[in-house]
Amino acid sequence: MMKINKNRKPKAGVLLIASPRFRNLGEELRRGTYAERKGFVVDAFLEQLQNDLEIVFPGVVYEREDVERAMTSFFVERVDFVIAEYLSWAEDFAWIRFLRDMPPIPILFVNHAREKASFEDTLDEDDFIDFLCAGNLVGSLEAGGSIARMKRPDVKIVMGSGLQIYQQIVLYARAARVRGLLKQSTFGLLANYNEVMWSTYMDPYNLFTHIGPELRFIPYSTYAEEIETVPDEEIAIFKEQLMAKYKMMNDVADDKFEASIRASLGIARLVDSYSIDAMIFNDIDPAMFRLIGLRAGFYPDSLNKRTSILVPEADLGAGMITYILKLLSGKQVNFIEPFHIEYGENTFAAGHAGPNDYNEADPEDVLIARDVRFAKTNYKHAGAPFAWYRISPGRKTMAQFVEDNGRYKLVCTLVDSLSGKHLFASYSHSIFRPVDMQVTDLFEQILKVGTTQHFAIVDGDYRKELQILSDMMYFDYYEFR
């Protein structure tokens, strides 16, 4: 199975267009030729980007052969996006050819605005060459008409100072990198759609053709076989690590503790065996409980080490947004559904049963506790424990992703997770407060958009990246603040 480097830098193709008519002007002048002056500008620009991006730069484009070489290079190197700029006024044959022949790809068309011109007038020939070099605005305006005429919706235009352009490039690159990784990713559905929540269904064909991930259907029987292969030594090590780090409630049975660990490690082994980037687990299917005897309760950190995620209830959309936030942030991402509102406190309770990532949490926020939701059933390991996690306090991005008749909706907002004690048995959870808006207004707006009940949350603010990614991938984007 193909493994992808999910921790790589964004890969950017750089297309810088200059004028062959001006190329050799300025020979023997104090500041050099047009081409030499542009060379200094290009070197400084590339140096500014090199720490943040993997750069594919085949050279400044002067002639038809240059732009054809650039397109071939970008395609072969599988760049995530292209940064394009007119270095001055230039003939537009190369740009129009690029717009016509370059396959669909995110393109950031930038225009650096100078704080001050390097000349006062053009009476001196040396200053005149600098005047020609400074004419990137006229070049950009010339190029802008072809962007519209060639109908390239994948082009985003940004103007500003050098610092502003740099900041926009880095932000755009983060989103483009996610788009690129999605096209190389593999999702695993263990083992089927969730028949009690039809709204979680997604079309696997559209998922692959419109977004990128390949979907593998993995039967519970294969999961059971993986569980049986987990060595006792591996279980003992995992158990020791859990007990050394987290408190355990007194009513946890040791044999069921080990069974829950074994089932959790079985999922991790499936992820490795199938090179799964997002495991979408139907953890409430009675067929799974009859075969396995419990729901896995722990979240092996090996998933984080390979930048993979695990979500419950076979919700492909929730898995998608969890994976997107994982790729954007590199942080722990949690899976929740809102339970109820407390209007007087402007808060809502939210969380979810089943495995939920706790590996970056304060150990005081995690307890090893029985899954009392299934404790009174007749399943083999009924009441097996899980990591009961009070989701860490702090400001978080809360987002969700759903399919709607062939289109996709991405909804996001900011919420504060409040500190406190463990409240809801069998559910990892917290109490949340929307940032700068009423809780009822937030959920009324979400209801009007029409989504579903599952969300992903992550520390920090990733709304800008989510909006850029939505624009790149033609998702309908909704942000509430």
Subject >> Heavy-atom pair of closest approach, residues Leu207 and Tyr408 >> reply: N-OH, 3.6 Å
Original post:
Going through the distances and angles, do Arg177 and Asp80 end up as a salt bridge (charged side-chain N to carboxylate O under 4.0 Å, His left out)?
Top reply: CA-CA 6 Å; Arg177 172 183 167 275; Asp80 297 315; over 6 Å; no
**OP:** Tell me, yes or no, whether the heavy-atom count around Gln167 atom CD, taken from other residues, nucleotides or ligands under 6.0 Å, exceeds 12.
**Re:** yes
**OP:** Could you grab the distance from atom SG of Cys412 to atom CD1 of Ile457, nearest 0.5 Å is fine?
**Re:** 14.0 Å
Original post:
Are Phe187 and Tyr323 close enough that their ring centers fall under 6.0 Å?
Top reply: yes
Subject >> Ring centers of His112, Phe45 separated by less than 6.0 Å >> reply: yes
**OP:** Test side chain to side chain donor-acceptor pair (under 3.5 Å) on Asp285 and Asn192 and set out the steps.
**Re:** CA-CA 9 Å; Asp285 187 342; Asn192 46 42; 3.1 Å; yes
Subject >> Beyond-backbone contact of Met197 with Asp315, side-chain heavy atoms, under 4.5 angstrom >> reply: no
Original post:
If you count the non-hydrogen atoms of other residues, nucleotides and ligands that lie under 6.0 Å from NZ in Lys247, is the total more than 12?
Top reply: no
Original post:
Less than 6.0 Å separating the ring centroids of His352 and His454?
Top reply: yes
**OP:** Taking the side chain as every heavy atom from C-beta outward, state whether Val79 and Val82 have any pair of such atoms under 4.5 Å apart.
**Re:** yes
**OP:** Go through Lys409 and Asp476 one step at a time and tell me if the salt bridge (charged side-chain N to carboxylate O under 4.0 Å, His left out) criterion holds.
**Re:** CA-CA 5 Å; Lys409 300 176 184 178; Asp476 297 328; over 6 Å; no
Original post:
What closest approach, in Å, do Ile211 and Leu182 show between heavy atoms, and which atom pair accounts for it?
Top reply: O-CB, 3.8 Å
**OP:** List the steps and the verdict of side chain to side chain donor-acceptor pair (under 3.5 Å) for Thr186 and Glu214.
**Re:** CA-CA 5 Å; Thr186 302; Glu214 174 185 349; 4.5 Å; no
Original post:
Side-chain contact, heavy-atom cut-off 4.5 Å: Asn304 with Ile309?
Top reply: no
**OP:** Taking the side chain as every heavy atom from C-beta outward, state whether Lys11 and Leu53 have any atom pair closer than 4.5 Å.
**Re:** no
Original post:
Does CZ in Phe75 sit with more than 12 non-hydrogen atoms of other residues, nucleotides or ligands closer than 6.0 Å?
Top reply: no
**OP:** Can you establish whether the number of heavy atoms outside Asp436 located under 6.0 Å from its atom CG is more than 12?
**Re:** no
**OP:** Write out all pairs satisfying salt bridge (charged side-chain N to carboxylate O under 4.0 Å, His left out) with one or both partners inside residues 437-446, taking only residues at least two apart or from two chains.
**Re:** Glu444-Lys448
Original post:
Do the rings of Phe386 and Trp388 sit parallel, tilted or perpendicular, given the 30° and 60° boundaries?
Top reply: tilted
**OP:** Check the surroundings of atom CD in Glu342: do more than 12 heavy atoms from other residues, nucleotides or ligands lie under 6.0 Å from it?
**Re:** no
Original post:
Does atom CG of Asp255 have more than 12 heavy-atom neighbours, drawn from other residues, nucleotides or ligands, at distances under 6.0 Å?
Top reply: yes
Subject >> Within 6.0 angstrom of Phe217 CZ, more than 12 heavy atoms from elsewhere >> reply: yes
Original post:
Within a strict 4.5 Å, meaning less than it, do heavy atoms of the Ile292 and Tyr379 side chains meet?
Top reply: no
Subject >> Beyond-backbone contact of Val449 with Val402, side-chain heavy atoms, under 4.5 angstrom >> reply: no
Original post:
Are Arg152 and Met102 close enough that some pair of their side-chain heavy atoms sits under 4.5 Å apart?
Top reply: yes
Original post:
Near Glu195 CD, under 6.0 Å, is it more than 12 heavy atoms from other residues, nucleotides or ligands?
Top reply: no
**OP:** Go through the steps for Asp459 and Lys396 under the test salt bridge (charged side-chain N to carboxylate O under 4.0 Å, His left out), then give the verdict.
**Re:** CA-CA 4 Å; Asp459 286 341; Lys396 302 178 187 292; 2.4 Å; yes
Original post:
Is the Phe348 to Phe339 ring centre distance short of 6.0 Å?
Top reply: no
**OP:** Determine, stepwise, if the pair Asp416 / Arg433 fulfils salt bridge (charged side-chain N to carboxylate O under 4.0 Å, His left out).
**Re:** CA-CA 5 Å; Asp416 289 329; Arg433 179 175 289 128; over 6 Å; no
Subject >> side-chain hydrogen bond (donor to acceptor under 3.5 Å, both in side chains) partner of Glu234, the single match among Arg262, Lys239, Arg269 >> reply: Arg269
Original post:
When the ring planes of Phe298 and Phe257 are compared, do they come out parallel, tilted or perpendicular, using 30° and 60° as the limits?
Top reply: tilted
